[in-house]
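Quantities reported herein were computed from a predicted structural model and do not represent experimental measurements. So that the names make sense, note that chain A is the first sequence line, chain B the second, and so on, each numbered from 1.
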Amino acid sequence: MPDAVALYRTIRLIRRFEERAIELVRSGDIVGGVHPYLGQEAIATGVCAALRPDDVITSTHRGHGHVLAKGADPARMMAELAGRVTGLNRGRGGSMHAADFSLGILGANAIVGAAGAIACGAAWAGMLAGSDRVAVTFFGDGAVNQGVLLEAMNLAALRRLPVLFVCENNGYATTMPTAGAVAGTITGRAAAFGIPASTVDGMDVSVVLDAAREAVERARAGAGPTMLECLTYRFDAHHTFEHRVRLRYRDDADVAAGRSRDPMQIQGARLDPDERTRIDVAVETVLDEAVRFALASDHPDPAGALDHLYASGLRARPGVA
Amino acid sequence: MPDAVALYRTIRLIRRFEERAIELVRSGDIVGGVHPYLGQEAIATGVCAALRPDDVITSTHRGHGHVLAKGADPARMMAELAGRVTGLNRGRGGSMHAADFSLGILGANAIVGAAGAIACGAAWAGMLAGSDRVAVTFFGDGAVNQGVLLEAMNLAALRRLPVLFVCENNGYATTMPTAGAVAGTITGRAAAFGIPASTVDGMDVSVVLDAAREAVERARAGAGPTMLECLTYRFDAHHTFEHRVRLRYRDDADVAAGRSRDPMQIQGARLDPDERTRIDVAVETVLDEAVRFALASDHPDPAGALDHLYASGLRARPGVA
Amino acid sequence: MPILSYLKALGRALGDELAADERVCVFGEDIRVGVANVTNGLLKRFGPDRVVDMPISEQAFTSFATGAALAGRRPVLEFQIPSLLFLVFEQIANQAHKFPLMTGGQAAVPVTYLVPSSGSRTGWAGQHSDHPYSLFAHVGVKTVVPATPTDAYGLFRAAIQDDDPVVVFAPAAAMGVREDVDYATLVPVPLGVARVHRPGTDVTVVAVGHLVQTALSVAEELADEISVEVFDPRTLYPFDWTGLAASLDRTGRLVVIDDSNRSCGIGAEVLATAAEQMRLVAPPKRVTRPDGAVLPFALALDQALQPSRDQLLTAVRAVAKGG
Amino acid sequence: MPILSYLKALGRALGDELAADERVCVFGEDIRVGVANVTNGLLKRFGPDRVVDMPISEQAFTSFATGAALAGRRPVLEFQIPSLLFLVFEQIANQAHKFPLMTGGQAAVPVTYLVPSSGSRTGWAGQHSDHPYSLFAHVGVKTVVPATPTDAYGLFRAAIQDDDPVVVFAPAAAMGVREDVDYATLVPVPLGVARVHRPGTDVTVVAVGHLVQTALSVAEELADEISVEVFDPRTLYPFDWTGLAASLDRTGRLVVIDDSNRSCGIGAEVLATAAEQMRLVAPPKRVTRPDGAVLPFALALDQALQPSRDQLLTAVRAVAKGG
Ligand SMILES: Cc1ncc(C[n+]2csc(CCOP(=O)(O)OP(=O)(O)O)c2C)c(N)n1
Ligand SMILES: Cc1ncc(C[n+]2csc(CCOP(=O)(O)OP(=O)(O)O)c2C)c(N)n1
Ligand SMILES: [Mg+2]
Ligand SMILES: [Mg+2]
């Protein structure tokens with residue numbers, strides 16, 4: 001299991017990766033923008049620290065943190081965001097679909113709430129194959145009102161699947177405050193299906209890690225799914241388009257309060273300052289290289305636009321004949 | 001509010017209506033079969049007895065009881081099942097879509113779990129129009145695993161809608177025992193959204209009526225939705241096709257136990273025997289006339305097969321040109 | 001030779017695939033008991049880890065199948081009603097179908113969606129009588145509609161063996177079709193290859209699913225008058241355009257009979273592609289459901305909206321004379 | 001004259017309908033704040049009983065709108081992504097659309113579904129870039145795709161006033177279109193009536209949505225060579241067949257440019273109906289997305305799958321020469 005330094009390193013990596021990605025959005029190298037994970041880093045970090053390489057995860061539109069924490073190469077991830085052939089998905093997926101199946105990363109998903117049932121199916125397949133592999137599905141507070149996710153919880157509970165439902169409650173779904181959309185409670189949704197659930201501080205990676213470890217152990221032992229609601233705050237925009245168009249839905253006090261506890265500072269404070277500096281420098285080197293790699297990589301050839309459309313190799317008819 | 005006699009009369013009407021309908025399925029006068037409501041009569045009867053004429057309901061594939069209890073004309077209902085122009089829906093709907101908007105019956109619905117959100121929307125519209133009208137949505141134990149129904153509960157709770165969610169837990173969804181499909185509990189699903197819920201004896205109409213009255217009063221008073229889980233048993237087949245194809249999913253002991261408490265006998269025992277006989281005879285007269293009316297009515301003219309497809313009057317292109 | 005019914009063919013195909021490949025599994029409602037008459041006996045044969053009864057949670061179990069497929073399984077899903085495909089359209093069209101391209105080739109989703117008794121089942125009315133195969137042809141999900149027991153067996157097996165999602169529509173009106181077969185000759189039928197049931201030289205009738213029988217009977221009736229080729233595409237997507245072009249090279253005249261709504265249905269696609277690229281010596285015709293059809297409950301109304309034998313007969317005669 | 005942008009036209013239409021008819025109300029995600037830039041200011045003007053922000057529960061709020069419509073309201077729903085229509089396909093195609101017929105005429109469901117920025121938004125990749133209007137034309141739900149600000153205003157208002165469900169697609173690529181308009185002349189535009197943007201005598205180009213601009217520019221470029229008529233159906237269902245027949249009576253040659261998947265798309269329907277019933281002196285052509293297209297993320301790949309100006313130019317030239 002990773003120590004405090006490794007946890008800090010991952011948080012720092014995600015933090016700086018996101019800041020670098022935002023720069024590339026501004027420079028036009030990343031087209032379409034991103035949903036920054038800034039402020040939520042402790043959750044991906046803590047949860048993935050409790051996982052083995054063969055465990056699987058599904059992620060969301062706000063997925064960079066999950067993908068990095070599960071071990072994806074930052075350079076190939078950055079190349080994916082920049083739409084290059086060297087990207088994780090060969091430039092076909094971009095920010096919202098980044099995946100690395102070799103690392104158990106079954107993909108970010110652009111549809112809110114859609115991935116939970118996919119994680120359950122993967123968990124089931126693993127369980128029946130005799131593995132004690134666990135599946136984690138990340139989702140936001142907005143997703144707990146999506147029917148398919150609630151259906152998936154029922155399936156997970158019914159079949160005692162080794163699934164961890166991780167809700168990142170960052171207070172908002174786009175501009176909608178959690179309380180405006182969630183009647184009852186988030187953990188209550190798990191309880192409805194007999195799934196144990198707890199609410200934890202999502203800003204302290206050690207708290208997240210402890211809770212995730214316990215849930216993962218339960219799952220591996222065959223005791224079924226768990227839900228963790230991790231309280232957090234989105235430090236930046238819902239999506240980088242907000243950097244251009246100001247939307248009024250969080251007032252300054254709200255933002256200040258939300259940002260007052262920073263997962264990077266919280267974990268950083270636990271490190272020796274020199275060591276922390278050393279890691280910061282190392283992370284920066286990794287990201288310098290990631291950006292360099294991404295921008296130096298080739299754009300995909302338009303002639304291959306339909307490549308991979310069918311796993312069977314079927315070639316689709318073109319749009320002109 | 002109806003007295004014991006009126007409650008018995010409605011139960012008896014539904015019971016015998018269903019038995020008559022099954023006869024017409026056997027004779028070929030009702031095409032496509034029906035999902036008999038036999039055994040569950042106390043629920044529709046008790047709940048609808050707590051309603052006013054301007055309250056609205058949505059129903060299910062097993063909807064005859066709800067439609068009759070809300071006041072539909074048995075003759076026009078029977079004509080609908082027989083696909084006649086005099087039917088509630090002019091023969092266009094049949095068993096699974098019977099509706100009478102003039103009585104607040106927004107229709108049976110053939111898709112499990114689909115009607116809850118429709119009821120919520122109607123409730124909202126009434127509330128905003130300043131009415132204290134209530135909407136009831138009936139559904140089975142199988143529907144509580146449908147995402148859209150769970151989403152609807154969230155909406156109802158969020159907006160404190162005057163909605164009553166009535167789950168008729170008859171132990172099975174087609175052949176699937178409730179326990180095989182429902183992780184956690186049914187009332188727990190309501191609790192997840194902060195909706196008060198209780199489980200009541202669905203075989204005793206006075207118990208159902210009391211519970212429904214309380215919920216309807218809450219709703220009228222602006223206190224929001226309630227869920228009632230009514231425990232019941234389906235006395236007959238899931239659908240009349242089971243009369244032809246025996247499916248093995250309930251053993252004899254289960255059926256015997258389930259049928260041991262009969263809502264018609266329970267309520268009938270509360271009546272003076274002479275009175276009961278008088279009602280039975282009267283109901284039979286009504287149903288004789290209903291069957292006569294249905295079978296004497298015209299079949300719709302195939303030339304009008306596309307009538308009513310568009311409320312705007314748009315005529316669709318035919319399938320040949 | 002033994003007689004094989006369409007339903008039995010489906011059940012047999014599923015059993016054979018379950019036996020042949022451990023990765024294959026079945027999900028659906030009431031499949032233990034076999035309410036749709038396809039999965040009967042499979043639970044006993046293959047156990048609850050391969051034959052999994054699901055709650056009424058179509059969306060979740062459809063994506064559950066996607067997840068299981070991503071993890072190496074080859075699930076078959078049975079749906080009780082054609083319109084349940086509307087309910088899971090997101091899960092098929094926007095999730096399962098898109099994984100391979102979006103992941104740059106990292107993922108395959110070999111899931112088969114079976115709808116036994118698709119289309120109108122007399123008396124099941126508006127919400128149970130759609131025949132939405134054209135929707136899948138539009139989004140590009142492989143779509144097969146077998147017309148005969150042999151093809152039902154062969155195409156269903158090929159669908160399960162295919163590495164992409166495939167929707168298999170088994171028309172209610174084809175369920176009654178029976179065939180004398182030698183079981184030993186039952187084999188997978190490749191997707192994307194049409195079958196000419198009856199050769200002809202005057203008019204090509206493209207008939208989908210159960211309407212192949214209608215087309216054959218019309219061809220027989222017209223035999224002395226018009227030589228009708230009955231062309232069964234079997235797979236609607238990908239469509240066998242080469243086969244159709246060859247048929248039209250012979251006949252130059254085209255009628256499509258298709259039990260789905262007219263506008264943007266598979267009939268439209270066949271006419272459009274033929275008009276663009278193939279030999280047509282007379283205006284073609286479609287016999288379909290009306291635009292936007294909702295099947296009414298009453299028997300005569302339901303039937304009035306389905307493409308009929310008479311309509312086909314008239315259309316073939318008109319096209320034979322046209323041009 | 002003031003300049004009207006496409007987005008402003010949508011917002012204005014909605015505001016005008018809310019003001020004109022108390023039954024009209026708006027549901028959607030983030031509509032208080034106006035993330036999609038259509039509903040800005042409406043909350044303040046009409047209050048939270050008319051402008052209702054919804055949780056991410058598209059299925060429930062779509063049927064909620066159906067229920068509200070059954071009870072006399074005229075809801076407008078805003079969806080943030082085109083593919084959310086997949087998620088609510090059951091609620092629109094199987095519920096809202098079917099109520100009038102199934103109830104024998106007792107019910108009407110006047111709901112409008114608006115998708116601002118439909119189609120590809122550069123860089124939003126596979127799950128956000130579909131343009132699924134042809135699906136609604138198939139099931140028979142009224143479908144409009146306005147090309148200009150004036151039509152966006154007029155068709156959106158007409159959609160809200162219509163007694164049936166109507167889906168309004170506002171293409172992302174049309175959002176940039178601006179027009180000089182006299183606000184006083186903005187009026188509802190009847191559904192089902194096409195608009196000839198530019199008359200011509202050699203080839204009819206049917207162009208959908210944002211592709212009308214592409215067609216106009218191609219027509220201009222070819223002006224000395226080929227006289228192109230640019231025909232904007234505006235409503236895809238019901239389609240203005242009379243208008244198209246009149247155009248083809250003049251030109252006898254047809255090209256459709258349509259930003260949806262090829263197979264069973266609206267392009268197929270136009271070619272099929274024309275081939276069956278109208279005057280065609282040469283084989284027609286379609287310019288569409290490929291079959292089963294999933295738009296890849298990288299810019300050049302995304303664009304490679306969308307129908308292009310060059311493809312249209314080539315197709316028009318080929319059809320002008322053909323026959
Ligand atoms: C089903 C669905 N509805 C709407 C959207 C548009 N959308 C993208 S992100 C988002 C908000 C999600 O909120 P939450 O789940 O809390 O995640 P967060 O963005 O806060 O990380 C919305 C509405 C979508 N992608 N999918
Ligand atoms: C969404 C959906 N899935 C499946 C079906 C097929 N079906 C019809 S009734 C039924 C069982 C419903 O069970 P329950 O809700 O308990 O109601 P009951 O039949 O017991 O009254 C099923 C699976 C359907 N109509 N709709
Ligand atoms: Mg959130
Ligand atoms: Mg039940």
- Item | Side chain / backbone / both / neither for A/Val144 at chain B, heavy atoms under 4.5 Å | neither
- Message: Can you tell me which portion of A/Ala179 sits under 4.5 Å from chain B's heavy atoms? Options are side chain, backbone, both or neither.
- Response: backbone
- Message: Tell me whether the count of non-hydrogen atoms from other residues, nucleotides or ligands lying under 6.0 Å of CG in A/Asp252 goes above 12.
- Response: no
- Message: Take a 6.0 Å sphere around CD of A/Glu214 and say whether it holds more than 12 heavy atoms from other residues, nucleotides or ligands.
- Response: no
- Which one of A/Ala156, A/Ala191, A/Ala181, A/Gly188 has the most heavy-atom pairs closer than 4.5 Å to chain B? A/Ala181
- Note on the structure: Interface check, chain B: of A/Ala192, A/Gly194, A/Ala190, A/Ala152, most non-hydrogen pairs under 4.5 Å belong to A/Ala192
- Task: For residues B/Val182 and A/Asn154, report the shortest heavy-atom separation together with the two atoms involved.
- Result: C-OD1, 3.9 Å
- Message: With rounding to the nearest 0.5 angstrom, report the CD to CG distance, B/Glu151 to A/Leu150.
- Response: 7.5 Å
